[in-house]
Amino acid sequence: GAGVSQTPSNKVTEKGKYVELRCDPISGHTALYWYRQSLGQGPEFLIYFQGTGAADDSGLPNDRFFAVRPEGSVSTLKIQRTERGDSAVYLCASSPPEQYFGPGTRLTVT
Amino acid sequence: KNEVEQSPQNLTAQEGEFITINCSYSVGISALHWLQQHPGGGIVSLFMLSSGKKKHGRLIATINIQEKHSSLHITASHPRDSAVYICAVPRDGNKLVFGAGTILRVKS
């Protein structure tokens with residue numbers, strides 16, 4: 001596709017469950033970013049990949065969150081033992097140099 | 001104090017009005033981004049600028065690096081301009097730090 005895509009667009013899960021969120025970046029983009037946007041706030045950085053490796057994961061809130069990008073293209077953000085506070089829109093972007101954003105995945109933890 | 005501050009937080013305008021949204025940041029940067037987010041939609045990059053001024057259609061973005069301030073202007077505003085406008089600056093490489101956003105509503 002021409003842009004960054006994210007699946008699913010919406011995910012509702014129960015507290016304590018495990019979820020995976022997927023990001024397909026623009027073909028050829030080496031850098032990939034995950035951000036989280038809570039209601040009424042600007043996005044916040046979670047993790048950044050350059051190729052296959054996580055260049056900066058300083059924004060991951062705790063060890064329930066981790067992300068992979070095994071082949072340097074598609075990335076998956078994984079959240080274990082979800083909590084209600086994890087409810088947010090999870091945004092993915094790819095670059096360089098300007099960041100192109102996907103439509104986001106709205107995660108609701110009930 | 002947040003690293004990126006936007007004002008106003010909310011803005012309501014009549015169709016045709018000239019609109020200004022402001023962004024101030026507290027650290028040195030290489031470039032600043034202006035982004036647009038529609039309700040339920042993803043984020044679209046409007047501008048990335050490091051100096052001076054850029055124009056795209058009815059949108060104009062300016063930046064003053066010395067004063068650490070940028071403005072986004074919309075001329076002849078239209079209801080379809082209603083969205084959240086966010087400024088962001090890169091930190092520690094390319095990860096973006098975002099302002100809280102300005103919610104713009106243009107009434108017809």
Asker: Can you tell which part of A:Y100 gets under 4.5 Å to a heavy atom of chain B, answering side chain, backbone, both or neither?
Answerer: neither
Asker: Using the rule that Ile, Leu, Val, Met, Phe, Trp and Tyr join whenever any side-chain heavy atoms are under 4.5 Å apart, tell me whether A:L107 and A:L60 fall into a single cluster.
Answerer: yes
Asker: Treating Ile, Leu, Val, Met, Phe, Trp and Tyr as nodes and any side-chain heavy-atom pair under 4.5 angstrom as an edge, say whether A:V89 and A:L46 lie in one connected cluster.
Answerer: no
Asker: Starting at OH of A:Y48, measure out to NZ of B:K95 and round the result to the nearest 0.5 Å.
Answerer: 11.0 Å
Asker: Heavy-atom pairs under 4.5 Å with chain B - which of A:G42, A:S9, A:A93 has more of them than the others?
Answerer: A:G42
Asker: Does CD belonging to A:E44 count more than 12 external heavy atoms closer than 6.0 Å?
Answerer: no
Asker: Using heavy atoms and a sub-4.5 Å threshold, report which of residues 44-55 of chain B line up against chain A, by residue number.
Answerer: B:S45, B:M48
Asker: In terms of heavy-atom pairs under 4.5 Å with chain B, which of A:Q41, A:Q6, A:Q99 leads?
Answerer: A:Q99
Asker: Is it the case that atom NZ in A:K17 sees more than 12 heavy atoms from other parts of the structure closer than 6.0 Å?
Answerer: no
Asker: Measuring heavy-atom distances to chain B, does A:S58 have an atom under 4.5 Å in its side chain, in its backbone, in both, or in neither?
Answerer: side chain
Asker: Find out if a path of hydrophobic residues (ILVMFWY) with successive side-chain heavy-atom gaps under 4.5 Å connects A:F65 to A:L32.
Answerer: yes
Asker: Identify whether B:V106 and B:L11 are in the same connected component of the hydrophobic contact network (ILVMFWY, side-chain heavy atoms under 4.5 Å).
Answerer: yes
Asker: Can you hop from A:V109 to A:L77 via hydrophobic side chains spaced under 4.5 Å?
Answerer: yes
Asker: Please list all pairs meeting salt bridge (charged side-chain N to carboxylate O under 4.0 Å, His left out) that have one or both residues in residues 69-91 of chain B, counting only residues at least two apart or in different chains.
Answerer: B:E3-B:R91, B:R58-B:D81
Asker: Taking A:P43 as the fixed residue, which of B:L35, B:V97, B:L96, B:I43 is the one that meets the side chain to side chain contact (heavy atoms under 4.5 Å, CB included) rule?
Answerer: B:I43
Asker: State whether the number of non-hydrogen atoms from other residues, nucleotides or ligands found under 6.0 Å of B:E67 atom CD is greater than 12.
Answerer: no
Asker: So what's closer than 4.5 Å to chain B heavy atoms on A:E98: side chain, backbone, both or neither?
Answerer: both
